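Presented below is the structure to which this report refers.
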Amino acid sequence: MALIRRAGRSLSMLKRSSLFHGKQKKQRQQPIVSPSLPNLTPHLPSSLIRLQINTTYSAIPRGISSCSFRSSYIPNRLLTSEAQPKLPDEGIDDTQFLDFPGVKNTAFTCDLKFVSEKSEEVPCYRVLSELGEPVDGAKLPQMADALALRIYENMITLQVMDYLFYEAQRQGRFSFYMTCSGEEAAIVASAAALSNEDVIFAQYREQGALMWRGFDLQEFAHQCYSNSADYGKGRQMPIHYGSKKHNFVTISSPIATQLSHAVGAAYSLKMDRKDACAVTYFGDGATSEGDFHAAMNFAAVMEAPVLFICRNNGWAISTPITDQYRSDGVATKSRAYGMRSICVDGNDALAVYSAVKSARSMAISESRPILIEVLTYRVSHHSTSDDSTKYRSGEELSHWKVMRDPVVRFRRWLEGNGWWNRQKDTELQSHSRKKIIAAMMNAESMKKPPLSDLFTDVYDSIPTNLKEQESYVREAVAKNPNLYPSDVPL
Amino acid sequence: MESTALLQKVTAGMAFRGTPASLLSSSSASSHVARIKLGSRSVIRAVSRLSGLTVKATHLNAYGFGTMPHNSTALKTVNKAVAVKTETGSTATAQQGHELLLFEALREGLEEEMERDPTVCVIGEDVGHYGGSYKVTKGMAEKFGDLRLLDTPIAENSFTGMAIGAAMTGLRPIVEGMNMGFLLLAFNQIANNCGMLHYTSGGQFTIPIVIRGPGGVGKQLGAEHSQRLESYFQSVPGLQMVACSTPYNAKGLMKAAIRSENPVILFEHVLLYNLKERIPDEEYVLCLEEAELVRPGQDITILTYSRMRHHVLQAVKTLVSKGYDPEVIDIRSLKPFDLFAIGNSVKKTHKVLIVEECMRTGGIGASLRAAIMENFFDELDAPIGCLSSQDVPTPYAGPLEDLTVVQPPQIVFAVEQLCKH
């Protein structure tokens, strides 16, 4: 008899232990005696903990070996200090809650199912149609005519500058250039949505953003000609602009290195509690670099206010998207890092402006990073060292160049509002052309950087070994003046 | 003689800035001192007569400044460019200063700089609550907060890049590599951006970062954790490299590196973290470009740095008993070399032995040999000797690992060979 009673008791014990997943029994109200117990499962939401108390599961996950019934039961009773709401008896899953440290919100399943490689569709945000008319149901961003015209003028000047500088390279005036044809709206409109305090870390095709900040045509020309007026003192290739006063960090050639820099700058801005964010531009090819993944991860973990603006233009020199990554677009990648993202039609200046403005305020106020994928098309060759007709069809190129010009699209919207007309357009084009040519002539006539600039700025002050090396070079120049160009100052 | 005033002026709590050039050129004080023959007993006697103290013959630094023993009564200066070796025991019954281990000295330097300047921050893996893998940042996260002692995910290239970006926008980050070898992953950022952006931006953007971490051959850590990165980084223009070897110079170099506007790589050694020494209570900052005269001598110049300094000093004990008088210089500054101090020593002894832990090919010793040969060829009586590790990955097995590192008996033998010239 005692045996049966003992067995019966053990059965009831078993029922109440964590080994037996039976139906919930509402726990009887216990007197309020609750010493402070450590929260052993802080990673679980409190609702789950409450659930666990009500189900009389042990608060401490235990294995089969630790089957001390009394010690697992008593803490549960003490944790409950008030009546819990009665849970419905039906509809509750038998599934035990998951408490591995590696994941936050998920549950067990007994279905052997793999997560698909195809991600949820990310819609592409746009507000203007290809003809520059507001799309049905679109809420256009607030944009005064002054701002809209400034954006447009910038885009036109950018186009003219790109064209003329490209020609200058072909004429041998400087060695290298990269145009941004087809991406003007993506770059200028996004820059327009930022404040001048936001620090920009660009890749190499974002001269439009620098132009928006106020970088003069003359300053552009000086850098490309690498003369003594160049802020970089003639040390970087053309198009590797940098200007501290415009908060535009000097461009560095290796792809995606600037992404980590941007995260660091955002960390710095966050520490200083500034009302500004870090912004970094990069292309679709850069998303393959290790720096991209780590920077995205870092930004999310550190909750850094940084905007990752990806100009997805379909090509990385000759590598098309299909050879670059297998995800469907770039915006979908952010989910893996726990980051918000948006996909925008990059040829719609209004949409780009609206998205970036909204993302910026979110990034700063909530101190979080945002990935903005700006879909566009690279009408230009990769650079002056590239001939893209070798790897893409002429039809594709001319389609995007003629039919999908973002500047024309925006102009149509301006004309629709009555803010612009053809005559103003031709005037602007010829005016820009004159200014740029004058700037180029002026830059060409300026002296190259002096020899002394070869050794300065390696460190904050010139160390002895570099002074030695400089004197060695000067000796060589003095001995063979005919080998050294006469118009370069010493 | 104006030596006393000179000593006071030059050494009283001054943060040494600038390059050897600045110390060489204009200041008449230093040029006066430079003419004092190094290590000459007459100088030591003169100085000691002046200050009424007994100065131990072993302590005279590269620029000829006398070192006061700890209980100096005449001058309360902190001019110890020379560290006190713990093996030989303290020179005087020093009760000034406080004793601590090397990693604690690093932490002290770090804390002082972080208190002094709110833009200083530490970025690395496990530097926050965990206190760092070698406990250099222990207790600092509680004091300065999580944001200034930033724990990062495991991506060395990216957190180094992050530090570079933060430095360009006003912070002064210190990047801690858990092991120097992992910083090979950060090579792209260091070589392409860190050393370069100040130059390519035309001086617009400065990168005042410090990259530090333990390197060198440890106790059976395996090949990947026994890297000597000074070989690989010495070529990158725009970087400064220093190596600490004692608690005294660890703290001083850490502070100097943080205050420097240039990117500095501070090389620590895994096996030296528990080295104990008494260091001054007063604040002091060492010069990044200066070498340290550890022991003046006449017969041969032994140039070394980091852990090998201690191996050399062990060998010196044997050498002294055999009647040799080697001069030991801890070069400390790996890029640029302190050729002023080294040159003065070479001109005195005419023989050089370099003892390093780098590989034979392309190591610090290789560059140093070339620099000495180029500049002081006429002063040399013998070819420059160089003891370094072999060009092999560091094996795990204890006896094999010991064979890859230069040991004191080898140093003794090499000195004996060179002194035959």
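Note that the structure is a prediction, hence the values are computed from the model and not measured. In what follows, every chain begins at residue 1, and chains take the letters A, B, ... in the order their sequences are listed.
- If you measure heavy-atom distances from B:L147 to chain A, the contacts under 4.5 Å come from both the backbone and the side chain.
- Without hydrogens or angle criteria, B:N262 side chain to A:D460 main chain gives a donor-acceptor distance under 3.5 Å.
- Judged by distance alone, the side chains of B:E176 and B:T137 never bring a donor and an acceptor atom under 3.5 Å apart.
- For the set A:Q236, A:H240, A:K244, the count of heavy-atom pairs under 4.5 angstrom toward chain B peaks at A:K244.
- For a residue to count as touching a neighbouring chain, one of its non-hydrogen atoms must lie under 4.5 Å from one of that chain's; by this rule B:N193 touches chain A with the side chain only.
- Here B:K143 pairs with B:E111 in a salt bridge; the nearest charged N to carboxylate O distance falls below 4.0 Å.
- In terms of non-hydrogen atom pairs under 4.5 Å with chain A, the most contact-rich of B:G195, B:P173, B:A166 is B:A166.
- Side-chain atoms of B:N179 come within 3.5 Å of backbone atoms of B:G181 as a donor-acceptor pair (strictly under, hydrogens ignored).
- When A:F298, A:Y231, A:Y241 are compared by the number of non-hydrogen pairs under 4.5 Å with chain B, A:F298 comes out ahead.
- Checked against A:R235 for a side chain to side chain donor-acceptor pair (under 3.5 Å), the options A:T250, A:D457, A:D230 give a single hit: A:D457.
- B:I207 does not touch chain A: none of its heavy atoms, backbone or side chain, sits under 4.5 Å away.
- Counted by atom type alone, B:H198 and A:Y459 present zero donor-acceptor pairs between their side chains at under 3.5 Å.
- When the candidates A:V263, A:D291, A:N465 are compared by the number of heavy-atom contacts under 4.5 Å with chain B, A:D291 comes out ahead.
- Only the side chain of A:V301 comes within less than 4.5 Å of a heavy atom of chain B; its backbone N, CA, C and O stay farther away.
- B:N188 touches chain A through its side chain: at least one heavy atom from C-beta onward sits under 4.5 Å away, while N, CA, C and O do not.
- B:T206 contributes no side-chain N or O that, together with a main-chain N or O of B:P208, makes up a donor-acceptor pair within less than 3.5 Å.
- A:H261 contributes no side-chain N or O that, together with a main-chain N or O of B:M162, makes up a donor-acceptor pair within less than 3.5 Å.
- Residue A:Q258: no heavy atom, backbone or side chain, is found under 4.5 Å from chain B.
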Next item on the list: Run the numbers on B:F187 and B:Y232 for ring pair (Phe, Tyr, Trp, His ring centres under 6.0 Å), then give the verdict.
Entry: CA-CA 9 Å; B:F187 210 97; B:Y232 310 141; 7.1 Å; no

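- Per-residue heavy-atom pair counts under 4.5 Å with chain B were compared for A:V199, A:V249, A:N297, and the maximum is reached by A:V249.
- Contacts of A:F248 with chain B are made by backbone atoms alone, with heavy-atom separations under 4.5 Å and no side-chain atom involved.
- Between chain A and the residues B:A371, B:A155, B:S158, the most heavy-atom pairs under 4.5 angstrom are made by B:S158.
- In terms of heavy-atom pairs under 4.5 angstrom with chain A, the leader among B:D151, B:L239, B:T119, B:I154 is B:L239.
- With 3.5 Å as the limit, one finds a donor-acceptor pair spanning the side chains of A:Y281 and A:S190.
- Interface remark: of the candidates A:A304, A:S243, A:S253, A:S243 forms the most heavy-atom pairs closer than 4.5 Å to chain B.
- Neither the backbone nor the side chain of A:N247 comes within contact range of chain B; no heavy atom of the residue lies under 4.5 Å from a heavy atom of that chain.
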